[in-house]
Amino acid sequence: MKDLIKPADISKPSAGLCRIEPGDLATLPPPYEDFNATVLKPLPADKVKALETSLDDTLAIGIPKPATPEEEEELVRRFLSGLTKLFEKKNNWTFLQPLLLSMEHCARCQTCSEACPVFEMSGRKEIYRPIFRSEVLRRIYKKYLTPGGKMTAKWTGDIDLNWTAIARLAELAYRCSLCRRCASVCPIGVDNGLITHELRKLFSQEMGIAPKELHEKGTVLHLRAGSSTGMNPLAAKDSVEFIQEEMEEITGYKVDIPWDVEGADILLIHNAGEMLAWPENVGAFAILFQAAGLSWTLSSETTGYDAVNYGLWYDDVQLARVALRHADIARRLKVKKIVIGECGHAHKALIETSDRLLTGDLNIPRESALVTLEAIVRSGKLKFDPQKNDFPVTLHDPCNYVRLMGIVEPQRRILRQIAPGFREMTPHGVDNYCCGGGSGFAIMSGYNFTDWRNLVSSRKKFLQILQAFESEPPQTPKYVCAPCSNCKGAIRDILGYYDAEKRSRLYYGGLVELLVNALDGMKKPIILFGDEPSWK
Amino acid sequence: MMGYYIFTYLCLAVFAASVLWRIYRQLTLPVHVRWEIYPVQHEPAAKAAYGGSYMEGLNWWKEKRRRSTVNEILYMAPEIGLMRGLWKENRNLWLFSFPFHLGLYLMLVVFALLLLSAVLLLLGLAEDGAVLSIIKGFTIAAGWIGVIAGAAGSLGMLYRRLADRDLRAYATAADYFNLVFLLLFFVCALLTALAADPFFVAARLYILGLLTAGAATPAYAPGQSVPGALTIVLGSLVAAYIPLTHMSHMFMKFFLYHKVKWDDSPLTPGSPLESAVKQNLQYRPTWTAAHIEADGKKTWQDIASSVPKEMK
Ligand code: SF4
Ligand code: SF4
């Protein structure tokens, strides 16, 4: 039996700490057995030469190798300075208490390992074990930043700190999707997802190291251009105009999407990715809100038409900047509440985590669209014909608003009413598994990271989806309802990667689409299975 | 003889100081942003059952929040007493961890009962009266179950840590020391009970001596047997040592659950929570990444409301 990789190995130079060999990953059932030997596409030789790739044959950040020993030393120094700041009130008041509690009380009992989909699906690769990275950070902290740490290191767990360790740790911070399933089962309440989150912050806030999709093309673009999609306000308005036309064309229902209505009851903020990738989602919201007679508006102000807040995943300052912008826009529009569309992390960022950043008149009430939608359904103002949704449906629970915000039942109550073929995944609700695209993974596609996501972090979700529909014939079209833009992105990619539309007739979409699909008065269905309409 | 007492006093002082320090530190940390995980057990029972939150309600901020402390207690009692979480998620480990923890809990119970009976004795209650006899009965039961469970549990935990390669890979020298140390204590306590003090009479006298700085009658000379002396020394050291290590999770779990995992309090206008957040926003961070644009003078508030150069 091979020796296990141990936390101290992170600083020992080697070609790689982890390699996925054919057959290592959790087994996929028929008709997907041909994927069981699939492994990551190798990184190009020039990348391996220039970038630090010695963690696991994939790259989320792609950190250039330092040119000189001085450069290496400087990086180690900055890492330690960032680590010190994580434990200071003035720098990290946002998470100091949770961090200290998780750093100081782990019993190393390994209960969390069994809960982690990345660890399980990888074939139990040691570096993906939830406490691997936490233990590395804990040991570095104890040895280098606590008094007498160097003397007691042999006692409390030794580790060396060098450039290799730091570069691997930076990458490793992006092999955990922050789903926090591990934290929910820890008997003590230790949160390895949180430790990963803090590690990401250290790299971003002190060293300026983060995946470009989250930073340059994420929060920076969001604050500068108005959306992380790059859409400026004009482009957003154009897209929405196009959506209005599309909706009329598809459903025969004329919608008029309101912009910047001062004093509206609701400011609806979508993940702007929906406007480009899933315009029918934005259209479906408009149809429902209009039909229900709600007073609502979108905002065309920079940042105000994109609910995403990637800061939640890697940088508290960016999180705060985006959240404050969102709240300020709502304040100036004088709306009664902000409603967040089908985007999980946007829910958590603005409704929950930023709750303790928004004071005074920035504390605008914030609500989940699932709750608003349930109220529409319950009001009885609209008529739905569930028979139009008479196909197998399963529900994916986005970690961010289910396990991490407790919004579990509204979406189910809706589905039970409008989708007769609804069945749960196993497990579901707060015990759900991440789609594999959490914490930014869904939008990170550099190098061969998409492969890693499809093969490893999304694998559990794929297995769950297959299991939910195992009693259905392959030729029956099936619908995975994923009310979250990032989850939808990740699910779209797994269905594509595994050719699941062809092999199992798997399709995906949001919750509002199911509602509009069943809504009385629509001339045509909004849900299509390939070219086939879901009802005639 | 006084040496033992002084040693125990010192260890108890370390225990008290480290527990107080840990708690004090938690209480003086700034309010953090929310980071809860559901189920949050103080939600009303119907919601806690599936992990729902008040945020499932339409216009939830207009509703009166319903918190159920009873639910929290109903959840926490078996969680602490029976280690239900571990039973559910990691039964193999529970088989050893439960007796180990039960042993420690019962040692605390024994200590409390001995203390109580010593105080009652000092207050003049009859040694053979009903109250003291009942306490004595409980002490004997808790003591025997505790030392046996503790010895078996710590031996089992040591075995698991050595035999299971996943546990071994993460074990440090301190982890092995902790288990050996606790095993030694439980074994000595068991030997003492077997050989010298099956009814915990000497143990009570020792506590009586502790309360009176050795002046109580009947006089008791600690350390009359080798295991007895070792039990006193090791027991005192265990008390001093636990709060200094990660084993403090036994009581710090309160903060992990109540101050993080279940801390779902929303910020309401004019609340003390809002004042605390406002105060936090006055901290002056020193993060050095360029996009933060911190200079040690700007506050969190300034920085969060600014758009730095690269984002303009
Ligand atoms: S995080 Fe919790 S479950 Fe995981 S090893 Fe530590 S104590 Fe055990
Ligand atoms: S947060 Fe999720 S992905 Fe990360 S270690 Fe925990 S279980 Fe695994």
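Within every chain, numbering begins at 1; the chains are lettered A, B, ... in the order of the sequence lines, protein sequences first and strands thereafter. Since we're looking at a predicted model, the values are computed, not measured.
- Side-chain contact between A/C106 and B/H246 is absent, with no heavy-atom pair separated by less than 4.5 Å.
- Each of B/M250, B/R25, B/R84 has some count of heavy-atom pairs under 4.5 Å with chain A, and the biggest count is that of B/R25.
- For the residue pair A/N91 and A/E206, no side-chain donor N or O sits within less than 3.5 Å of a side-chain acceptor on the partner.
- A/R356 pairs in a side-chain contact (heavy atoms from CB on, under 4.5 Å) with only one of the listed residues (B/V31, B/N280, B/L281), which is B/V31.
- Here A/R138 pairs with A/E135 in a salt bridge; the nearest charged N to carboxylate O distance falls below 4.0 Å.
- Interface residue B/R161: only side-chain heavy atoms are found under 4.5 Å from chain A.
- Residue B/K259 touches chain A through both its backbone and its side chain, counting heavy-atom pairs closer than 4.5 Å.
- Here the closest non-hydrogen pair linking B/P44 and B/R66 is CD-O, 3.5 Å.
- If you check the side chains of A/T353 and A/D355, you find no donor sitting under 3.5 Å from an acceptor.
- The candidate with the highest count of non-hydrogen atom pairs below 4.5 Å against chain B, out of A/L324, A/N92, A/T94, A/T372, is A/T94.
- The contact between B/S306 and chain A is made by backbone and side chain atoms together, counting heavy-atom distances below 4.5 Å.
- Of the residues considered (B/A290, B/G270, B/P266, B/A276), B/P266 shows the highest number of contacts with chain A, using heavy-atom pairs under 4.5 Å.
- Using bins of under 30°, 30° to 60° and over 60° for the plane-to-plane angle, the ring pair B/W262/B/Y257 lands in the perpendicular bin.
- Interface residue B/F255: backbone and side-chain heavy atoms are both found under 4.5 Å from chain A.
- Chain A forms more heavy-atom pairs under 4.5 Å with one residue of B/A174, B/G51, B/P269, B/G85 than with any other, namely B/A174.
- Ionic pairing of B/R65 and B/E43 is not present here: no N-O contact between side-chain nitrogen and carboxylate oxygen is shorter than 4.0 angstrom.
- Ranked by heavy-atom pairs shorter than 4.5 Å toward chain B, the options A/M207, A/E126, A/K154 are led by A/E126.
- Interface remark: of the candidates B/D264, B/N178, B/N92, B/D263, B/D263 forms the most heavy-atom pairs closer than 4.5 Å to chain A.
- Of the two parts of B/W61, only the side chain, counted from C-beta on, holds a non-hydrogen atom closer than 4.5 Å to a non-hydrogen atom of chain A.
- Between chain B and the residues A/F95, A/F132, A/W155, the largest count of heavy-atom pairs under 4.5 Å involves A/W155.
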